[in-house]
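The structure appears right after this line, and notes come after that.
Keep in mind that this is a model prediction, so the values were computed, not measured.
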Amino acid sequence: MTHVPPPNSVEQLMQRAEALAGLSLADIAKELNIAVPKDLRRDKGWVGQLFEAALGAEAGSKPEQDFLHLGVELKSLPLNAAGLPLETTYVCVAPLANVTGLRWEDSLVYHKLQRVLWIPVEGERQIAIGARRVGMPILWQPTTRQQQQLKQDWEEIMELISLGKVSQISARHGEVLQLRPKAANSKAMTNSIAEDGSMQQTNPRGFYLKTQFTTQILRDYFG
DNA sequence: CTTTGATCATAT
DNA sequence: ATATGATCAAAG
């Protein structure tokens, strides 16, 4: 695979991202010598990893922003034919134990969403992976209102977790941020707080941005 | 058709 | 087991 060095500045990162706009995923993959899968069933993260390679993000599984030195997180955003998000956006894993005293400003959600480079891409299953086209990138920072919405949802969900009610939290909680399973399968287990305050085992969860929220981001940017 | 809960690949 | 990258697919 061709190697792209990390960008030296946000400007350079944006130039690279803008250069991808209008290209198909096959175009980008060819330049990087990366094979295009037939479908994403067994390669669910392929598009995101392709963008990481094309933009010079550090490949890794660290709980940090993709471009830590620039303070930027990279996210692909699959869109339908109407230009609206097809999927929720994964943010990070949710802490289910040892959460006493954890504040919003210290949370992983807060840090990851301080600045995000969104790369819109056609995502309908009827379009072959390689034929899907990339859109103009959006460098986004949450508005005061968006920060408030995220904080409120986060605090509500974290309170339930701290009270040992994680099993009662469904994806319907939260206006813009939701909690959902995030694991290899439903049998995977991690420590969480029980209602009596002791430790119990539950399926790991992650925070996701609802499509309504990312729709709003697109709307604010493109009109 | 949309959303919720489940799942896949890979690195550490 | 936990983190990254997410989409799949059953249910509503």
Donor-acceptor side-chain pairing of A/Gln146 and A/Trp140 below 3.5 angstrom:
yes
Grab the CG-P distance between A/Asn80 and B/dC1 for me, whole Å please.
11 Å
Is it the case that A/Arg180 and A/Ser170 place a side-chain donor and acceptor less than 3.5 Å from each other?
no
Quick one: do the A/Arg145 and A/Thr143 side chains pair a donor with an acceptor below 3.5 Å?
no
A/Leu86 CG - B/dT2 C1' separation (whole Å):
10 Å
Spacing between A/Asn203 atom CG and B/dA6 atom P, to the nearest angstrom:
7 Å
Interatomic distance where CG belongs to A/Leu50 and P belongs to B/dT10 [whole Å]:
16 Å
Just checking, A/Lys151 and A/Tyr110: is the charged tip under 6.0 Å from the six-membered ring centre and within 45° of the axis?
no
Euclidean distance, atom CG of residue A/Asn185 to atom C1' of B/dT10 [Å, nearest integer]:
15 Å
Report, as a single string ordered 5' to 3', how protein heavy atoms within less than 4.0 Å touch nucleotides 4-12 of chain C: B base, S sugar-phosphate only, - not at all.
BBBBBB---
Option among A/Leu179, A/Ile193, A/Ile169 that satisfies the side-chain contact (heavy atoms from CB on, under 4.5 Å) test with A/Leu160:
A/Ile169
Rounded distance (Å) that lies between atom C1' of B/dA6 and atom CD of A/Gln178
13 Å
Are A/Glu73 and A/Lys75 ion-paired here, with the side-chain N under 4.0 Å from a carboxylate O?
yes
The side chain of A/Ser170 lies closest to which of these nucleotides: B/dG5, C/dT2, B/dT7?
B/dG5
